[in-house]
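Right, one structure below, let's go through it.
Excluded from the calculations below are hydrogen atoms, water molecules and symmetry mates; all remaining heavy atoms, backbone and side chain alike, are included. Sequence positions, counted from 1, serve as the residue numbers for this chain. Computed from a predicted structure; not experimentally measured.
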Amino acid sequence: MRLVAAAVGVGVGAAVLASFPTMGMLELIQLGVVVRMASSVLGWHQVVGTSWRPKAIRRKLKYELDYWFSTDPGAKVTSLLMFALCVALAGSVALIFMNGFDLNEALWLSTYWLADPGGMFDEPPARRVIALVVTVGGLLLSALIVSVIGDNISNQLDELRSGVVPVVESGHSVVLGWTSKTLTICRELAEAHATQRGGHVICVLAARPKADMMAEVAVQLKGQLGHTSVVCRKGNISLLSDLRKVSIQTAKSVVLLNTQHHASSSAPTTQEHETACIALRIKQLVEAAHVEDDDAGYPNVVIEVMDHNVQGCIDMLGIPNCATVLTANFTGQMMVNFATSPGLHQVITELTSFSGVEVYIVSDHKCNRRPFGEALMACAGGTVIGIRQDVAQGGAVVLNPIDSTTIGIKDDLVVISLDRNSCTFNPNTTVPPRRASQYRSPQDGITERRNYAFVNWRPSLSKMILEMDRMVAHGSTLTLFSIVPRAVQIERLAKQGVTPKLLQNLTLEHVTGHSSHLEDLRRLAERSFYSVFVFAAEGVAPDDSDTAIMSTALLLSELLTTPVQEAKSGAARSNAGRAPDSPVDVDIARRVSSWTPNTGNTPAWNQRWAPDVSSLLDSGGTAAPPAVEFIMCELNHTHHKGLFQSIDPRIIPVCADEIAGSAITQVALQPEMKPIFTELLSSDGCELYIYLAPYVIGAAVDDELTWMDVMAACRLLQFIAIGYITAHDEIVLNPGVRDVNRKWASDKLIVLAH
């Protein structure tokens with residue numbers, strides 16, 4: 001504003017100077033007043049005092065220009081207008097003094113030269129010098145105008161590319177935060193809306209550059225989005241103004257991810273408290289939109305938290321249609337289940353994703369006032385796993401109830417099915433007879449001691465140890481291998497309540513070493529293991545941890561042989577000189593490849609796969625080299641999972657964040673699914689198990705049973721059979737063919753049990 005006032009003063013002064021030859025004393029006094037006003041507006045006298053030094057004037061001018069251009073968006077346009085006015089006025093003054101023009105004619109001619117560079121050639125020699133100077137100023141003005149227009153267009157394009165333009169959508173999905181779960185959630189949302197006419201829109205708001213997010217979406221989700229569009233916006237999810245960019249108030253579902261990795265079970269961190277603040281801002285936006293429009297619905301809000309205290313705080317906020325997911329609880333539980341049951345991670349992945357079979361809540365089932373056992377056998381096209389009680393009475397979910405539980409009039413059934421419409425119920429279904437004499441009780445099983453190993457330290461390790469102690473046989477060993485010194489390992493576990501006296505079944509062993517050093521891993525590979533789980537190391541960025549984990553897994557696969565190789569090598573040494581097809585070789589091969597009840601080796605009740613054969617000795621009593629059944633790797637990025645298939649089939653990559661992201665998506669679209677997945681993925685209530693089929697159903701090698709027979713046999717043990725794993729490791733969930741006889745001697749059953 002100061003420069004604008006100065007320009008006005010200069011213009012007025014130039015107008016006065018144009019009539020200077022005819023001025024009297026009064027006009028000269030007015031000219032002095034104008035000049036003084038211009039000087040006062042600029043404020044130079046306050047800086048330079050009474051001395052008008054050129055350096056001080058330049059400093060003041062630079063300061064004023066810097067302040068003006070940084071605070072006024074229209075400074076460039078205003079400066080161009082001022083420059084054009086000054087050039088036109090300067091030319092006018094020159095024409096008045098040198099050629100005797102009046103003010104109006106001089107201003108018109110000077111403006112003409114300023115706009116048209118060719119106009120100076122028609123002027124007489126007396127005015128050509130003035131015309132040339134004004135024309136050069138006009139050319140400079142044209143260049144500046146082009147530059148300003150180009151800068152404005154470039155700034156507008158940069159603004160569009162940077163992702164600051166608000167999203168104008170309704171009925172879309174919003175994902176707040178960029179973590180390893182973001183792409184999984186986008187993929188599952190696209191799968192869930194694959195049949196939606198016109199496609200679905202997913203808006204992602206994160207602190208990353210928009211170009212980077214869009215590039216990763218294009219590469220990682222290529223060909224998986226279908227008609228769904230992913231829109232990325234850069235911003236701070238903690239700011240209310242940035243939350244408005246993605247139109248949360250008109251969204252169908254909102255997912256708030258926790259950007260903290262490997263959260264500890266200690267006190268909540270700053271990130272956790274920030275999550276509660278973001279939840280409060282989401283509530284503010286949603287309620288404000290509802291006040292403006294009473295017909296506006298509330299979006300389904302799912303908030304990922306890592307601490308139960310913060311979860312309680314968010315629940316007390318009273319956000320409509322809000323569900324909190326404590327992923328830290330069931331992540332450790334999943335790791336333990338996967339370490340003791342290979343193949344279970346594939347089952348959980350398929351159940352939580354929108355591809356393949358899913359979990360549904362069915363209301364139209366025609367099984368009201370009937371026992372649960374009849375509904376279980378009467379469902380065709382799906383597998384009933386529980387009951388959701390009347391919503392008016394709380395809507396509690398009961399998984400795997402006893403057969404005599406009566407289904408209420410307004411109760412719904414929890415069903416595993418390919419889709420909601422494929423479930424049909426026939427109350428007149430004939431239940432196969434149950435031959436109780438062929439089945440064993442869980443108390444009849446003989447537990448088998450095994451060796452397990454955890455590589456690298458993670459903050460939630462104490463919870464995993466306590467959970468594993470509940471699941472394994474008495475006398476089992478868990479080796480903790482990490483760069484953390486042995487004394488520090490013991491101290492950390494003691495602070496979290498894990499001591500040798502507290503553990504009932506596990507014996508802890510501590511080995512210190514670096515997971516990427518071959519010599520350190522040799523000390524770990526001095527014994528055989530049933531399973532080795534490689535976690536992400538502390539202090540390693542998520543983008544770099546996958547490389548380190550893959551390196552460790554490959555080194556362990558070289559150091560630890562397979563049980564089959566171990567048994568064959570022992571047999572080869574003991575049978576040297578005998579025929580290759582001797583009965584001893586056949587017996588060893590049979591014991592290694594599969595197990596049946598007729599072998600005489602009674603497996604553990606929690607036996608999930610073939611028995612551990614690492615203890616086989618040759619006839620000379622020589623121990624075979626250390627072996628491992630399988631090596632599980634915790635990966636952060638799903639695109640790394642396929643790298644191990646062609647290297648070593650024992651290496652099983654597991655992406656817990658992928659499963660957690662799929663479960664979060666299920667809850668975001670169907671909030672009623674939260675208690676179901678919470679129970680399935682946590683250590684409380686019912687869980688999924690994999691058992692050897694012959695041991696559960698009591699079938700001999702040549703017995704043939706239908707899937708209905710298997711389901712009836714499992715109910716004697718309070719199990720619900722939801723699928724099976726063939727001898728070729730093919731997983732079949734919710735079998736469609738249920739009345740065809742087949743042999744089950746080499747299969748494993750996937751059951752839901754307490």
Side-chain angles (χ1 to χ4, degrees), residues 160-161 163-206 208-235 237 243-257 282 297-304 321 323 325 349-360 418-421 637-639 641 655 657-671 673 677:
L160 293 175
R161 284 193 294 264
V164 298
V165 179
V167 174
V168 184
E169 292 286 350
S170 61
H172 59 292
S173 300
V174 176
V175 181
L176 302 177
W178 189 276
T179 67
S180 54
K181 305 181 185 70
T182 303
L183 294 178
T184 299
I185 293 175
C186 292
R187 184 184 67 245
E188 294 300 324
L189 286 172
E191 182 71 26
H193 296 88
T195 58
Q196 178 176 324
R197 181 175 298 179
H200 187 64
V201 177
I202 304 172
C203 298
V204 181
L205 177 64
R208 296 184 60 186
K210 174 189 173 183
D212 295 348
M213 292 188 287
M214 294 298 295
E216 192 162 350
V217 168
V219 173
Q220 302 299 333
L221 300 181
K222 183 178 180 181
Q224 303 181 43
L225 295 176
H227 298 290
T228 300
S229 302
V230 178
V231 179
C232 297
R233 288 292 179 265
K234 179 182 179 181
I237 61 177
L243 291 176
R244 289 194 178 97
K245 290 181 182 179
V246 290
S247 300
I248 287 180
Q249 59 274 15
T250 60
K252 175 184 178 182
S253 58
V254 179
V255 177
L256 174 58
L257 297 177
I282 293 175
Y298 293 105
N300 296 327
V301 181
V302 179
I303 302 176
E304 179 193 15
N321 296 343
V325 179
T349 300
E350 186 166 352
L351 285 178
T352 54
S353 66
F354 284 94
S355 59
V357 298
E358 305 171 32
V359 182
Y360 295 97
L418 188 61
D419 57 70
R420 195 184 303 272
N421 298 326
H637 300 287
T638 57
H639 57 274
K641 294 173 63 175
C655 190
D657 285 345
E658 179 186 16
I659 299 175
S662 299
I664 289 173
T665 309
Q666 291 271 6
V667 176
L669 298 180
Q670 306 175 84
M673 290 295 172
F677 286 108

From [X] atom [atom1] to [Y] atom [atom2], the distance as rounded to the nearest 0.5 Å:
{"X": "I303", "Y": "L256", "atom1": "CD1", "atom2": "CG", "value": "5.5 Å"}
{"X": "S355", "Y": "E350", "atom1": "OG", "atom2": "CD", "value": "7.0 Å"}
{"X": "I659", "Y": "T349", "atom1": "CD1", "atom2": "OG1", "value": "3.5 Å"}

Can you find a pair of side-chain heavy atoms, one from [X] and one from [Y], that are under 4.5 Å apart?
{"X": "T179", "Y": "D657", "result": "no"}
{"X": "V254", "Y": "V246", "result": "no"}
{"X": "V204", "Y": "C186", "result": "yes"}
{"X": "T184", "Y": "I664", "result": "no"}
{"X": "L669", "Y": "S253", "result": "yes"}
{"X": "T182", "Y": "L257", "result": "yes"}
{"X": "H200", "Y": "S173", "result": "yes"}

Heavy-atom closest pair, residues [X] and [Y]:
{"X": "T352", "Y": "A663", "value": "CB-N, 4.2 Å"}
{"X": "M214", "Y": "C232", "value": "SD-SG, 3.4 Å"}
{"X": "R208", "Y": "M213", "value": "O-CE, 3.4 Å"}
{"X": "A251", "Y": "V174", "value": "CB-CG2, 3.8 Å"}
{"X": "V359", "Y": "M673", "value": "O-CE, 2.9 Å"}
{"X": "N321", "Y": "P299", "value": "CB-O, 3.5 Å"}

Test log, rule side-chain contact (heavy atoms from CB on, under 4.5 Å), inputs L418 and Y360: CA-CA 9 Å; L418 188 61; Y360 295 97; over 6 Å; no
Main chain of [Y], side chain of [X]: is a donor-acceptor contact present, judged purely on distance under 3.5 Å?
{"X": "R233", "Y": "V165", "value": "yes"}
{"X": "K234", "Y": "A211", "value": "no"}
{"X": "T250", "Y": "E169", "value": "yes"}
{"X": "Q196", "Y": "A192", "value": "no"}

K252, E188, H227 screened by side chain to side chain donor-acceptor pair (under 3.5 Å) with H193, the one that passes: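 That would be K252; it is the only one of K252, E188, H227 passing the side chain to side chain donor-acceptor pair (under 3.5 Å) with H193.
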Who passes salt bridge (Lys or Arg N to Asp or Glu O under 4.0 Å) against E658, sequence neighbours left out?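 With neighbours one apart ignored, the set is R187, K641.
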Among L205, I282, V167, V301, find the residue that satisfies the side-chain contact (heavy atoms from CB on, under 4.5 Å) test when tested with I248.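 So, applying the side-chain contact (heavy atoms from CB on, under 4.5 Å) to I248 and each of L205, I282, V167, V301, only I282 qualifies.
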With sequence neighbours left out, what residues match H172 under ring pair (Phe, Tyr, Trp, His ring centres under 6.0 Å)?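 Partners of H172 by the ring pair (Phe, Tyr, Trp, His ring centres under 6.0 Å) criterion come out as none, since no residue qualifies.
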Verify side-chain contact (heavy atoms from CB on, under 4.5 Å) between V302 and V325, making sure each step is shown before the conclusion. CA-CA 7 Å; V302 179; V325 179; 3.7 Å; yes
Hey, mind stepping through I202 and V175 against side-chain contact (heavy atoms from CB on, under 4.5 Å) and telling me if it holds? CA-CA 7 Å; I202 304 172; V175 181; 4.2 Å; yes
